Amino acid sequence: MPGYWLCKSEPDVYSIDDLRRDKVTGWEGVRNYQARNFMRDGMQPGDRVLVYHSNAEPTGVAGIAEVAGAAKADPTQFDPKSEYHDPKSTREAPRWMMRELRFVERFARVVTLEELKACKALGAMAALQKGNRLSVTPVTKAEFDAVVRMAK
DNA sequence: GCCAACGTTGGC
DNA sequence: GCCAACGTTGGC
């Protein structure tokens, strides 16, 4: 049985349209330990991912991706030119991990944050809790299905 | 641009 | 180990 997740991205940086074009992308740049642990330890190939657009107009869930492979070291942590460079990380013991995500679906319309908040079935969804800033959060099957239903 | 909320860092 | 200072996220 697959797991379910929500991953945030600023569409100015990387959007569901970019993922549709690329088909598969390395989900780089996660620099929070809890989010990293979800990516590294929680995600399994085949898990479904709600792709969420933050700092956008509108903000909300824009489509679906799936986890495409094993956790790997995020290469940007070793790149001095990258804004995600981490001089304290080593190749022997990489601090930050990433996953490849494969495009599955772009919703015909964004399910907006306002709609998500108004949906009773999503009252406990981690990404919607007050103060939550994690870019990767777990989602239940019921929550995932509810969001997909709202997109139709 | 503001600001609430939270995470990280580093001095002690 | 505490906690103040600072940085980041992300909605508005």
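In what follows, every heavy atom counts, from backbone to side chain, and hydrogens, waters and symmetry copies are set aside. Below, chain A is the first sequence line, B the second, and so on; all start at residue 1. Values in this document were obtained by computation on a predicted structure and should not be read as measured data.
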Undergrad: Want to settle it: does A/Gly131 or A/Arg95 sit nearer the 5' end of DNA chain B, counting the closest nucleotide to each?
TA: A/Gly131
Undergrad: Please compare A/Gly29 and A/Glu114 by the position of their nearest nucleotide in DNA chain C and report the one closer to 5'.
TA: A/Gly29
Undergrad: How long is the line joining CZ of A/Arg133 and P of B/dG7, in whole Å?
TA: 6 Å
Undergrad: Can you check whether A/Trp96 and A/Tyr33 have ring centres sitting under 6.0 Å from each other?
TA: yes
Undergrad: Find the distance A/Asn55:CG to B/dA4:P and express it as a whole number of Å.
TA: 17 Å
Undergrad: I need the NE2-C1' distance between A/His53 and C/dG11, as an integer number of Å.
TA: 16 Å
Undergrad: Figure out the CZ/P separation between A/Arg31 and B/dT8, and round it to whole Å.
TA: 13 Å
Undergrad: Roughly how far, to the nearest 0.5 Å, is the CD atom of A/Gln129 from the OG1 atom of A/Thr137?
TA: 10.0 Å
Undergrad: Considering just the side-chain nitrogens and oxygens of A/Lys88, establish if one lies under 4.0 Å of OP1 or OP2 belonging to B/dG10.
TA: yes
Undergrad: Parallel, tilted or perpendicular: which fits the ring planes of A/Tyr4 and A/Phe144, with parallel below 30° and perpendicular above 60°?
TA: tilted
Undergrad: Rounded to the nearest Å, what distance is computed from the NZ atom of residue A/Lys130 to the P atom of nucleotide C/dG11?
TA: 14 Å
Undergrad: Between C/dT8 atom P and A/Asn32 atom CG, what is the distance in whole Å?
TA: 13 Å
Undergrad: Whole angstroms only, please: what is the CG-P distance between A/Leu134 and B/dG7?
TA: 7 Å
Undergrad: Looking at A/Asp18, A/Ile16, A/Val24, which one forms a side-chain contact (heavy atoms from CB on, under 4.5 Å) with A/Phe103?
TA: A/Ile16
Undergrad: OP1 or OP2 of C/dT9 sitting under 4.0 Å from any side-chain N/O of A/Tyr52?
TA: no
Undergrad: To the nearest Å, how far apart are A/Gln129 CD and C/dT9 C1'?
TA: 17 Å
